[in-house]
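As a basis for the values below, the full set of heavy atoms in this structure was taken, side chains included, without hydrogen atoms, waters or symmetry mates.
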Amino acid sequence: LYSRPMTATAKPLSEKQKKHLRGLAHALAPVSHLGNAGVTDAFLAELETTLAHHELIKLKVLAPDRTQRDTTIETLVERTGAIVITRIGNIAVLYRPNPGGPQLELPEN
């Protein structure tokens, strides 16, 4: 499967920063839908591009059960270096700062 070049993963965020990002994500629509095909090279390539461009995204994961959804989201986080900001049902909000310089301004810890 698609493998991200080894770069530093996103730094851990404080609760204040996560709360700020949750607020920003509230108005977002899911930009990617992960269906029954699961995590494919093509999906990971699309997700990488989307994260690099937007930094904060909503992702809809369609899976038959909660365990499989959790496993899929964990796989995406490991492969992309993103951070799960929140997850409600089949919607996950992921954040990864742009490697060229973060576009979203986060509050101080």
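- In this structure, NE2 on H33 lies 10.0 Å from CG on N90, to the nearest 0.5 angstrom.
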Worked check of side-chain contact (heavy atoms from CB on, under 4.5 Å) between E48 and R96 = CA-CA 10 Å; E48 282 290 332; R96 187 184 74 197; 2.9 Å; yes

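- Put simply, NE2 on H54 and CG on L104 are 11.0 Å apart, with the number rounded to the nearest 0.5 Å.
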Would you please test L28 and I57 for side-chain contact (heavy atoms from CB on, under 4.5 Å) and show each step?
-> CA-CA 7 Å; L28 297 178; I57 63 167; 5.8 Å; no

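- Remark: K16 NZ to L21 CG distance equals 12.5 Å, nearest 0.5 Å.
- Judged by distance alone, the side chain of E55 and the main-chain N or O of Q103 form a donor-acceptor pair under 3.5 Å.
- To the nearest 0.5 Å, atoms CZ (R79) and CG (D41) are separated by 7.5 Å.
- For the pair R22 (side chain) and T86 (backbone), a donor-acceptor distance under 3.5 Å is absent.
- Of the possible donor and acceptor atoms, one in the side chain of Q17 sits under 3.5 Å from a partner among the backbone N and O of P107.
- Nearest heavy-atom pair across K58 and A25 is CE-O, 3.1 Å.
- To the nearest 0.5 angstrom, T50 atom OG1 is 12.5 Å from L56 atom CG.
- In the hydrophobic cluster analysis, where Ile, Leu, Val, Met, Phe, Trp and Tyr join through side-chain heavy atoms closer than 4.5 angstrom, I73 is grouped apart from L62.
- A donor-acceptor distance shorter than 3.5 angstrom exists from the side chain of R87 to the backbone of G89, with no hydrogens or angles considered.
- For A82 against V77, the heavy-atom pair with the smallest separation is O-CG1, 3.1 Å.
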Taking it one step at a time, do L24 and Y95 satisfy side-chain contact (heavy atoms from CB on, under 4.5 Å)?
-> CA-CA 11 Å; L24 294 176; Y95 170 74; over 6 Å; no

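- The CG atom of L47 sits 6.5 Å away from the CG atom of L94 when rounded to the nearest 0.5 Å.
- By the neighbour-count criterion of 12 heavy atoms within 6.0 Å, atom NE2 of H53 is sparsely surrounded, having that number or fewer from other residues, nucleotides or ligands.
- At a threshold of 4.5 Å between side-chain heavy atoms, the hydrophobic network of Ile, Leu, Val, Met, Phe, Trp and Tyr places L76 and I91 in two separate groups.
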